[in-house]
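Let me begin by presenting the structure, written as C-alpha cells, before commenting on it.
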Amino acid sequence: MRSKVTGAQRWVVKIGSALLTADGKGLDRAAMSVWVDQMVALHEAGVELVLVSSGAVAAGMSRLGWTARPSAMHELQAAAAIGQMGLVQAWESSFAEHGRHTAQILLTHDDLSDRKRYLNARSTLRALVELKVIPVINENDTVVTDEIRFGDNDTLAALVANLVEADLLVILTDRDGMFDADPRNNPDARLIYEARADDPALDAVAGSVGGALGRGGMQTKLRAARLAARSGAHTIIVGGRIERVLDRLKAGERIGTLLSPERGMLAARKQWLAGHLQTRGTLVLDEGAVSALSQGNKSLLPVGVKLVQGSFRRGEMVVCVAPDGREIARGLANYSALEAQKIIGQSSEAIVSLLGYMAEPELVHRDNLILV
Ligand SMILES: Nc1ncnc2c1ncn2[C@@H]1O[C@H](COP(=O)(O)OP(=O)(O)O)[C@@H](O)[C@H]1O
Ligand SMILES: N[C@@H](CCC(=O)OP(=O)(O)O)C(=O)O
C-alpha cells in the first residue's frame, strides 16, 4: 500500500505524445475517454486535478497526413497549432460527457521564470482548481524558440507541480514504468518499483532518449521527478495503457515507479521558496512577534507588525525584521502592502471590519515562513 499516493490531495497528471496518439495514428479518443472516466472518479473522490497533455504536434502531423516529425521549427509550430485544436476539443468533449468543464492553458518557460507571470499562472490555476474545472496544459509551441522551450512536457509538468504545490505528479507513458535498462533493447530489463528521486544510480538507467513521437524518454522523466521533489511532490511513472491505471494508483496498488522526495513536503517547500522568490517588501515586527517567530515557531499576526515598507501583493515574499533592522524571517504575505497597512497593530478579529473581508487571520502563515 502506497500511503503517499492514496493520501495525495492534488495530482498533476501528464500524458505523453506516444500514448495519446496511438503511436502516430491521430488522437486515441477511446484511450482518452478511459482516462477521463478515471479522472472524473478521482475528482469525485475529492482529488484536485491538473492535466498536462502533450500530443499537439503528433495530432497536427496526423491531420496534415505527415508521417515523419518535421525538423524545421516553423513546421513543428504549424503542426502544433493545428493539433492543439483537436487536442483540446477531444478533452473538452470527453470531460463534458461527465458534466465537467476544462480550461486551456498554454505556457512557456518565460511565463514561469517571470515573477509576475508566474503569480498570474498560479492564481489562475488555483482559481480553476477551486472551480472544479480541469486545466489542460501544454507548452505554447507557437511562440517558443529553441532556447526558451521546455521541449518535453515532463519538465513542464514538474514545474506545474511546483506551481500548484501538488502532492503527486503522475507521468503516464508507453512503458509500465522506469526499468533498470531501456526496455527497447533489453528484453530482460526489470521494473523499478520504488526509489528516491535523487538516487544517482538512476541516471545510468534512464540514459536513452525518447521514442519517435515523444521527445524526452526516461531521462526527462527522471529530471521531472527531481524537480517535482523540490517542492515535496512524489512522482509516479507508469504505463498509461495499464487497465484502470489511475483508479489502481488511487487504491494504493504497487504499479509503476514511485520516486520519492528526500524531504517532507513542508521542508522541501520552504527550501524551494527560499531559493526562488524575490522579496518585495519589509515588515518591521515588535519584540513580541520576533520571539513568537524565532522561538515559538508561530505565524505572524498583524498585531505584531509595526511598519510596512515596499509594495507587494498577496502571495509575494516579504522580509520580516526586528525593530533594530535585524532580519528574522522571510515569508509569503497573505495580504498586499496596502491591505497590510490597514490591519497592522490590530487583532485578527478586526480584519473583517477594517478591510470588509478576511482572507486569513495571519499576515504570514508559519507554513510559508522561513526563519533566517
Ligand atoms: N530505463 C528505461 N525505462 C523505461 N523506458 C525507457 C528507459 N530508458 C529509455 N526508455 C524509453 O523512454 C520511452 C518513453 O519516453 P517518450 O518516448 O518520451 O514518451 P512520452 O511521450 O510518454 O513522454 C519508452 O518508450 C522507452 O523506450
Ligand atoms: N508541446 C508538445 C509536446 C512535446 C512532447 O513531445 O512531449 P512528450 O511527448 O511528453 O515527451 C506537443 O504537444 O506536441
Side-chain angles (χ1 to χ4, degrees), residues 12-24 27-28 31 35 51-64 66 69-70 73 75-88 90-91 104-109 136-144 146 149-158 160 169-193 195 199 201-225 236-241 245 256-257 259:
V12 173
V13 177
K14 183 260 169 175
I15 310 188
S17 309
L19 261 185
L20 267 166
T21 55
D23 286 327
L27 289 175
D28 187 348
W35 294 313
L51 177 59
V52 175
S53 172
S54 310
V57 173
M61 279 166 55
S62 132
R63 285 189 166 194
L64 290 163
W66 294 353
R69 190 180 170 97
M73 192 69 168
E75 284 177 347
L76 278 170
Q77 289 173 319
I82 295 162
Q84 183 67 22
M85 295 294 284
L87 191 62
V88 290
W91 286 123
Q104 174 181 246
I105 307 237
L106 298 175
L107 291 173
T108 67
H109 210 282
V136 181
I137 304 181
N138 197 355
E139 183 163 17
N140 192 354
D141 290 305
T142 311
V143 295
V144 292
D146 261 342
R149 59 194 317 232
F150 296 111
D152 65 86
N153 273 355
D154 301 321
T155 310
L156 174 63
V160 167
L169 167 62
V170 178
I171 300 181
L172 296 185
T173 185
D174 59 345
R175 304 282 160 173
D176 286 350
M178 186 190 275
F179 287 80
D180 59 5
D182 187 342
R184 272 178 301 198
N185 32 38
N186 295 282
D188 300 330
R190 279 169 313 172
L191 184 70
I192 300 168
Y193 282 101
D199 184 346
L202 296 177
D203 290 295
V205 308
S208 317
V209 292
L213 293 159
R215 304 229 343 149
M218 274 304 133
Q219 193 136 66
T220 54
K221 292 175 183 40
L222 175 60
R223 203 173 57 212
I236 296 231
I237 302 169
V238 64
R241 296 199 185 98
V245 55
T257 305
L259 298 171

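Just so you know, ligand 1 is whichever comes first in the structure, and atom 1 is the first atom listed for that ligand. Numbering starts at 1 and runs along the sequence shown.
- For ligand 2, the atoms sitting less than 4.0 Å from at least one non-hydrogen atom of G16 are 9 (O), 10 (O), numbered in the order shown with element in parentheses.
- For ligand 1 and P183, the ligand atoms under 4.0 Å from any heavy atom of the residue are 2 (C), 3 (N), 4 (C), 5 (N), 6 (C), 7 (C).
- The environment of M85 atom CE is sparse: at most 12 non-hydrogen atoms of other residues, nucleotides or ligands sit within 6.0 angstrom.
- Note: an N/O pair closer than 3.5 Å links A56 and ligand 2 by distance alone.
- A salt bridge links D154 with K14: at least one charged nitrogen is closer than 4.0 Å to a carboxylate oxygen.
- Close contacts between ligand 1 and G16 involve ligand atoms 20 (P), 21 (O), 22 (O) [criterion: under 4.0 Å to a heavy atom].
- Ranked by closest heavy atom to atom 14 (O) of ligand 2, the top entry among L19, V57, N138 is V57.
- When non-hydrogen atoms are compared, ligand 2 lies under 4.0 Å from the backbone of N153 as well as from its side chain.
- Annotation for ligand 1: atoms under 4.0 Å from non-hydrogen atoms of A181 are 1 (N), 2 (C).
- Counting heavy atoms only, M218 comes closest to atom 7 (C) of ligand 1 of the residues M218, R175, R190.
- Using a 4.0 Å heavy-atom cutoff, G177 is listed among the residues neighbouring ligand 1.
- Looking at D182, T173, N186, it is T173 that brings a heavy atom closest to atom 22 (O) of ligand 1.
- Closest of all the heavy-atom pairs between A90 and L27 is CB-CD1, 4.1 Å.
- With 3.5 Å as the limit, one finds no donor-acceptor pair spanning the side chains of N153 and E139.
- Of the heavy atoms in D141, only side-chain atoms (C-beta onward) come closer than 4.0 Å to ligand 2.
- Under the 4.0 angstrom criterion for non-hydrogen atoms, G55 is in contact with ligand 2.
- L19 and G240 make their closest contact through CD1-CA, 3.7 Å (heavy atoms, listed as atom of the first residue, atom of the second, distance).
- Looking at every heavy atom in both residues, P70 comes nearest to E75 through CB-OE1, 3.3 Å.
- Residue contact annotation: Q84 has no non-hydrogen atom under 4.0 Å from ligand 2.
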Please report the C-alpha distance between D176 and R241 in whole Å, then the side-chain angles of each, then the deciding distance to 0.1 Å, and finally whether the side chain to side chain contact (heavy atoms under 4.5 Å, CB included) criterion is met.
CA-CA 8 Å; D176 286 350; R241 296 199 185 98; over 6 Å; no

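- Shown here for G55 and T21, the closest heavy-atom pair between the two residues is O-CG2, 4.3 Å.
- Within ligand 2, the atoms closer than 4.0 Å to a non-hydrogen atom of K14 are 8 (P), 10 (O), numbered from 1 in the order shown.
- Under a 4.0 angstrom heavy-atom cut-off, S17 registers as being in contact with ligand 1.
- The N/O atoms of S53, backbone and side chain alike, include none that comes under 3.5 Å of an N/O atom in ligand 2.
- Residue-to-ligand polar distances keep D154 apart from ligand 1: every N/O pair is separated by 3.5 Å or more.
- In this structure, V245 and L172 have side chains that are in contact, with non-hydrogen atoms separated by less than 4.5 Å.
- Interface of K14 with ligand 1, defined as ligand atoms under 4.0 Å from a residue heavy atom, comprises 23 (O).
- L202 approaches A195 most closely through the heavy-atom pair CD1-CB, 4.0 Å.
- For ligand 2 and S54, the ligand atoms under 4.0 Å from any heavy atom of the residue are 3 (C), 7 (O), 8 (P), 9 (O), 10 (O), 13 (O).
- For A189, the side-chain contact (heavy atoms from CB on, under 4.5 Å) partners two or more places apart in sequence, or in a different chain, are F179, D180, A181, N186.
- For ligand 1, the atoms sitting less than 4.0 Å from at least one non-hydrogen atom of A18 are 21 (O), numbered in the order shown with element in parentheses.
- Near F179, meaning under 4.0 Å from one of its heavy atoms, ligand 1 places the atoms 1 (N), 2 (C), 3 (N), 4 (C).
- Shown here for R175 and P183, the closest heavy-atom pair between the two residues is CD-CG, 3.6 Å.
- Atoms of ligand 1 lying under 4.0 Å from any heavy atom of M178, numbered from 1 in the order shown and given with element: 3 (N).
- In this structure, K221 is part of the shell of residues with a heavy atom less than 4.0 angstrom from ligand 1.
- Exactly one of I137, V136, V88, V13 qualifies for a side chain to side chain contact (heavy atoms under 4.5 Å, CB included) with S53. That residue is V136.
- Between D180 and ligand 1, no N or O atom pair is found at a separation short of 3.5 Å.
- For ligand 1, the atoms lying closer than 4.0 Å to a non-hydrogen atom of D174 are 13 (C), 14 (C), 24 (C), 25 (O).
- Taking D199 as the reference, nothing meets the salt bridge (Lys or Arg N to Asp or Glu O under 4.0 Å) condition, with sequence neighbours excluded.
- For the side chain to side chain contact (heavy atoms under 4.5 Å, CB included) with M178, the qualifying choice from L191, T257, T173 is T257, the only one to do so.
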